[in-house]
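The next block holds one structure in the form of structure tokens; read it before the comments.
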Amino acid sequence: NNDDEKLDVTAKLAFDLNLALYLDLVAVLEKAGVVTYRQMAARVLNIGMDAADDGDLALSTALEGIAKGFAGHGDGLSIGLMKAARDVRNDEALGDIPMRPDEG
């Protein structure tokens, strides 16, 4: 009996599973000290704002919701402040993007 043939993999299911795995990965990376929730909030928000600029408002809204979730885990940095700092790069105070480790 092939129960797995009954599984209907829709685009929504694939997206939901990918998102769940991504969120779990971020939690592991945060616990390991590789990235902070604030950094991930800023990164996801930037992608969402790019989507809005491209006219994809549904994706933009979803990504802003995810960014708010990440921001809520840390020190409560507001989404409004992160939006204002959108074009700031390598700003550790706002956690815009993680810094690469020095190679040596």
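Just so you know, these numbers come straight off a predicted model, no measurement behind them.
Here the side chains of Leu23 and Ile66 are in contact, with some heavy-atom distance below 4.5 Å. With a 4.5 Å cut-off on side-chain heavy atoms, Arg43 and Gln39 do not count as touching. Looking only at side-chain heavy atoms (C-beta outward), Tyr22 and Met40 come within less than 4.5 Å of each other. Side-chain contact between Leu29 and Leu25 is present, with at least one heavy-atom pair separated by less than 4.5 Å.
Taking CG from Asp16 and CG from Leu21, the interatomic distance works out to 11.0 Å, rounded to the nearest 0.5 Å. Of the inter-residue distances, the one linking Asp54 atom CG with Met49 atom CE reads 12.5 Å to the nearest 0.5 angstrom.
Counting only distance, with no hydrogens or angles, the side chain of Asn18 and the backbone of Ala14 share a donor-acceptor pair below 3.5 Å. Of the possible donor and acceptor atoms, one in the side chain of Ser60 sits under 3.5 Å from a partner among the backbone N and O of Gly48.
Cluster membership for Leu57 and Ile47, using ILVMFWY side-chain heavy atoms within less than 4.5 angstrom, is not shared. Under the 4.5 Å side-chain heavy-atom criterion for Ile, Leu, Val, Met, Phe, Trp and Tyr, Val35 and Val28 are members of distinct hydrophobic clusters.
Among all heavy-atom pairs drawn from Ala67 and Val44, the shortest one is N-CG1, 4.1 Å.
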